[in-house]
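One structure is given below, encoded as structure tokens.
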Amino acid sequence: MFRPLVYVLQRTIGTGDLKIVGADGRVHEFGDRTGTPVVVRITDKRTERRLALSPSLGIGEAYMDGRLTLEKGTIYDFLEVLLVNVSKLERPGWLRAMDFVQEVTRRLQHYNPVGRSRQNVAYHYDMDGSLYDLFLDTDRQYSCAYFEEDDMSLDDAQIAKKRHIASKLNLSDGMRVLDIGSGWGGLALYLAKTARVDVTGITLSEEQLKIAQERAQAEGLTNAVNFELCDYRDLRGKFDRIVSVGMFEHVGSAHYRRFFESVNDLLADEGVVLLHSIGQFDPPTATNPFIAKYIFPGGYIPSLSEVVPAVEHEGLLVTDIEILRLHYAMTLRHWRQRFRAAWHTAADKFGERFCRMWEMYLASSETGFRYQNLMVFQIQLAKGLNALPITRDYMFDRERELNVRKGQPSRSRTQRSAH
């Protein structure tokens with residue numbers, strides 16, 4: 001096996017049970033034989049070199065193309081062994097050089113003007129919608145769930161997420177609400193059903209727009225919820241509440257000031273914003289190259305040190321920050337297990353290579369939240385000091401109220417308008 005690869009693995013894998021069968025058929029053993037046994041086979045010398053020189057991209061591509069196969073364990077098990085140990089590694093010079101190149105080009109990789117943003121969104125979200133039915137909850141919530149209990153079902157945890165967000169928005173009757181990045185419409189419809197508010201949802205995905213509009217029609221909420229194909233930079237109007245869940249990761253750090261400038265322009269004087277996004281505890285770093293190339297082109301995970309200065313620059317007030325540490329790891333585990341259970345269905349429609357790519361995406365994301373300092377932040381913002389109650393009790397009270405009635409009032413907006 002390629003000597004630099006053996007060198008790196010010998011210095012990295014102190015715990016775990018990893019065996020790698022090289023292209024020459026020789027078996028190399030690493031770790032202390034604890035944990036889940038993992039046996040990996042590498043099919044050719046070129047792949048061995050690629051794994052040593054560019055592991056972050058090389059592992060994903062090799063697994064996707066069938067040049068790296070698992071004879072025992074799963075790709076998640078393999079990534080877990082690597083990441084549990086990798087923090088102990090002093091990276092060799094060639095990997096540090098590649099890190100430097102990625103850092104130099106970091107801002108260019110997620111420069112997202114309007115046209116490019118539309119292309120990036122279409123790449124991921126305008127795929128055949130049946131894919132998402134294989135692993136998401138029934139409401140198609142494609143963002144971090146909120147696990148009030150460890151053994152909650154995915155559907156219940158996603159309802160809890162919507163309930164948690166609604167409580168922070170402190171909604172009142174008659175408010176105008178904007179949902180930036182409204183996806184398939186689940187959150188906007190939920191908010192319209194939990195309060196007498198008018199919601200505008202905007203997305204850049206034509207497929208998501210179509211489904212969201214159909215859902216609003218089917219639920220009798222067309223008088224309360226309006227979905228539009230629109231970039232946040234092009235929207236006009238004033239809103240009492242603005243919410244954005246799982247969209248900020250597509251903005252790009254070069255556009256943070258423009259994002260919060262737009263939010264400030266759209267927000268009423270006593271308005272409130274709730275921003276929910278993946279983040280990282282570490283200082284700013286480049287996007288995982290496999291995710292950037294195959295899953296979310298133009299995507300970027302921010303550090304709070306990048307977000308808060310942009311908020312301050314636009315004169316908005318940070319009124320609350322909550323960090324959700326392992327909730328997304330738990331969400332991704334549900335998604336990964338559901339996707340693996342539906343593998344044959346997915347393979348018949350999308351092909352084995354796509355399935356391996358998607359499993360790599362879900363597995364690497366889950367291990368990232370468990371072992372690589374990823375998290376989710378919810379930042380509440382306001383324009384004025386008096387926009388919200390003086391203590392946080394209102395959040396807990398509202399969340400308990402919604403939990404009692406499960407956030408699902410029986411009256412549609414069509415029925416409301418008759419009163």
Handout entry: Ser262 versus Asp265, side-chain donor and acceptor atoms under 3.5 Å
Key = no
Practice task
Would you mind reporting whether Phe227 and Val199 have side-chain heavy atoms less than 4.5 Å apart?
Solution key: no
Practice task
Count the heavy atoms of every other residue, nucleotide or ligand shown that sit under 6.0 Å from NZ of Lys45, and state whether that count exceeds 12.
Solution key: yes
Handout entry: Short side-chain donor-acceptor distance under 3.5 Å, Arg11 and Tyr7
Key = yes
Problem - Pair Thr285-Gln280, side-chain donor/acceptor within less than 3.5 Å - result: yes
Fill in the blank from the handout: Heavy-atom nearest pair, Leu191 first then Val197, reads O-CG2, 3.6 Å
Practice task
Mark yes when over 12 heavy atoms from residues, nucleotides or ligands other than Asp348 sit less than 6.0 Å from its CG; otherwise mark no.
Solution key: yes
Practice task
Please confirm whether the backbone N or O of Ile20 pairs with a side-chain atom of His28, one donor and one acceptor, at under 3.5 Å?
Solution key: no
Handout entry: Carboxylate-amine/guanidinium proximity below 4.0 Å for Lys162 and Asp139
Key = yes
Practice task
For Glu149, look at atom CD and say whether over 12 heavy atoms of other residues, nucleotides or ligands are found less than 6.0 Å away.
Solution key: no
Problem - Whether Arg338 side chain and Leu136 backbone form a donor-acceptor pair below 3.5 Å - result: yes
Problem - Test log, rule side chain to side chain donor-acceptor pair (under 3.5 Å), inputs Asp126 and Ser205 - result: CA-CA 6 Å; Asp126 284 348; Ser205 167; 2.5 Å; yes
Practice task
With sequence neighbours excluded, tell me which residues meet ring-ring contact (aromatic ring centres under 6.0 Å, His included) with Tyr76.
Solution key: none
Handout entry: Check: Thr222/Gln217 side-chain N/O donor and acceptor closer than 3.5 Å
Key = no
Exercise for the section: May I ask you to decide whether Arg336 forms a salt bridge with Glu359, counting only side-chain N to carboxylate O separations under 4.0 Å? Expected result: no
Practice task
Going by the ring-ring contact (aromatic ring centres under 6.0 Å, His included) test, name the single residue among Phe147, Tyr328, Phe135 that passes it with His334.
Solution key: Phe147
Handout entry: Main-chain N/O of Thr138 paired to Asp155 side chain as donor or acceptor, under 3.5 Å
Key = yes
Exercise for the section: Answer yes or no: is there a donor N or O on one side and an acceptor on the other, between the side chain of Lys383 and the main chain of Leu316, under 3.5 Å? Expected result: no
Practice task
Verify whether the ring centers belonging to His124 and Tyr142 lie closer than 6.0 Å.
Solution key: yes
Practice task
Please report the closest heavy-atom contact between Asp240 and Leu267, naming both atoms and the distance.
Solution key: O-CD1, 4.1 Å
Practice task
Please report the closest heavy-atom contact between Pro284 and Ser303, naming both atoms and the distance.
Solution key: N-OG, 3.3 Å
Practice task
Could you tell me whether Glu207 and Lys210 have a side-chain N and a carboxylate O separated by less than 4.0 Å?
Solution key: no
Problem - Modelled atom types, side-chain donor and acceptor of Glu352 and Trp343, under 3.5 Å - result: yes
Problem - Val86 backbone acceptor or donor facing Thr12 side chain under 3.5 Å - result: no
Exercise for the section: Mark yes when over 12 heavy atoms from residues, nucleotides or ligands other than Arg325 sit less than 6.0 Å from its CZ; otherwise mark no. Expected result: no
Practice task
Would you confirm whether Arg241, through its side chain, and Asn170, through its main-chain N or O, come within 3.5 Å as a donor-acceptor pair?
Solution key: yes
Handout entry: Carboxylate-amine/guanidinium proximity below 4.0 Å for Arg370 and Glu80
Key = no
Practice task
Going by the ring-ring contact (aromatic ring centres under 6.0 Å, His included) test, name the single residue among Phe259, Phe296, Tyr232, Tyr300 that passes it with His250.
Solution key: Phe296
Practice task
Look at the side chain of Ser364 and the backbone N and O of Tyr361, then say whether any donor-acceptor pair between them is shorter than 3.5 Å.
Solution key: yes
Handout entry: Any Phe354 side-chain heavy atom under 4.5 Å of Met127 side chain
Key = yes
Handout entry: Non-neighbouring partners of Tyr146 that pass ring-ring contact (aromatic ring centres under 6.0 Å, His included), sequence neighbours left out
Key = His164, His327
Practice task
Begin with the C-alpha distance, continue with both residues' side-chain angles, and end with the deciding distance and a verdict on side chain to side chain donor-acceptor pair (under 3.5 Å) for Asp44 and Thr47.
Solution key: CA-CA 6 Å; Asp44 59 272; Thr47 298; 2.9 Å; yes
Exercise for the section: Count the heavy atoms belonging to other residues, nucleotides or ligands that lie under 6.0 Å from CD of Glu214, then report whether that count exceeds 12. Expected result: yes
Exercise for the section: Give a yes or no answer on whether the side chain of Ser182 reaches the backbone of Ile202 with a donor-acceptor pair at less than 3.5 Å. Expected result: yes
Practice task
Verify, without hydrogens or angle tests, whether Asn85 (side chain) and Gly14 (backbone) share a donor-acceptor contact under 3.5 angstrom.
Solution key: yes
Handout entry: Glu249 side-chain N/O to Ile278 backbone N/O, donor-acceptor pair under 3.5 Å
Key = yes
Exercise for the section: Please examine the side chains of Asp198 and Val177, heavy atoms only from C-beta on, and report whether any two atoms are closer than 4.5 Å. Expected result: no
Practice task
Could you tell me whether Arg163 and Glu148 have a side-chain N and a carboxylate O separated by less than 4.0 Å?
Solution key: yes
Practice task
Taking the side chain as every heavy atom from C-beta outward, state whether Thr331 and Gln158 have any atom pair closer than 4.5 Å.
Solution key: yes
Handout entry: Presence of salt bridge, Arg140 and Asp133, under 4.0 angstrom
Key = yes
Problem - Nearest non-hydrogen partners of Ser365 and Ile291, listed with the distance - result: OG-CD1, 4.4 Å
Problem - Under-4.0 Å salt bridge between Lys168 and Glu322 - result: yes
Exercise for the section: Name the orientation class of the two ring planes belonging to Trp358 and Tyr132 (parallel below 30°, tilted from 30 to 60°, perpendicular beyond 60°). Expected result: perpendicular
Exercise for the section: Report the residues that fulfil ring-ring contact (aromatic ring centres under 6.0 Å, His included) with His276, sequence neighbours left out, ordered by chain and then residue number. Expected result: none
Exercise for the section: Indicate, with yes or no, if the rings of Tyr294 and Phe290 have centres closer together than 6.0 Å. Expected result: yes
Practice task
Mind listing the closest non-hydrogen atom pair of Ser167 and Met395 along with its distance?
Solution key: CB-O, 3.3 Å
Practice task
Taking only Lys NZ, Arg NE, NH1 and NH2, and the carboxylate oxygens of Asp or Glu, determine whether Arg257 and Glu314 approach each other closer than 4.0 Å.
Solution key: no
Practice task
Report the C-alpha separation of Lys293 and Glu61 in whole Å, then their side-chain angles, then the decisive distance to 0.1 Å, and conclude whether the salt bridge (Lys or Arg N to Asp or Glu O under 4.0 Å) test is met.
Solution key: CA-CA 10 Å; Lys293 183 174 181 178; Glu61 289 187 327; 2.9 Å; yes
